[in-house]
Amino acid sequence: MVDTTYQVRGMTCGHCVSAVSAEVGAIAGVRDVQVDLATGRVTVTSEQPVAVESVRAAVDEAGYDLVEA
């Protein structure tokens with residue numbers, strides 16, 4: 001398993017956490033998504049490294065911005 005942490009901007013509440021978790025969790029190979037609302041950090045556990053473009057697209061679909069990978 002691979003853990004990768006991303007920084008996401010714009011999350012302000014539990015709904016934000018749920019939206020990001022659902023979209024990122026739908027990426028093929030992703031096994032777990034942990035979101036720290038206070039820091040904006042999103043940790044993705046996957047079978048193999050996930051392309052940052054896939055994570056960026058999922059975060060964008062949820063309505064937020066991936067600010068660094």
Side-chain angles (χ1 to χ4, degrees):
M1 291 294 183
V2 177
D3 288 334
T4 309
T5 301
Y6 302 92
Q7 189 70 35
V8 175
R9 180 176 44 222
M11 298 184 297
T12 60
C13 65
H15 175 267
C16 302
V17 170
S18 295
V20 169
S21 295
E23 291 294 337
V24 174
I27 298 170
V30 171
R31 293 290 167 244
D32 187 47
V33 179
Q34 296 294 318
V35 179
D36 184 331
L37 181 60
T39 64
R41 289 193 183 105
V42 176
T43 301
V44 178
T45 302
S46 56
E47 296 171 356
Q48 297 185 11
V50 176
V52 69
E53 295 82 12
S54 297
V55 176
R56 186 178 309 281
V59 169
D60 184 62
E61 182 66 26
Y64 307 97
D65 296 312
L66 185 66
V67 293
E68 59 185 69

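What you find for G10 and C16 is that their closest heavy atoms are O-SG, 4.4 Å. Of all heavy-atom pairs spanning Y64 and H15, the tightest one is OH-ND1, 4.4 Å. Closest approach of M11 and V42 over heavy atoms only: CE-CG2, 4.2 Å. The nearest pair of heavy atoms linking A58 to I27 is CB-CD1, 4.0 Å. Shown here for V44 and Y6, the closest heavy-atom pair between the two residues is CG2-CE1, 3.7 Å.
The salt bridge (Lys or Arg N to Asp or Glu O under 4.0 Å) contacts involving residues 28-38 comprise R31-E47, where partners must be two or more places apart or lie in separate chains.
Looking only at side-chain heavy atoms (C-beta outward), L66 and D60 stay at 4.5 Å or farther from each other.
A donor-acceptor pair under 3.5 Å is formed between the side chain of Q7 and the backbone N or O of T39.
The hydrophobic cluster containing V30 also contains V52, counting ILVMFWY residues as joined when their side-chain heavy atoms lie under 4.5 angstrom apart, directly or transitively.
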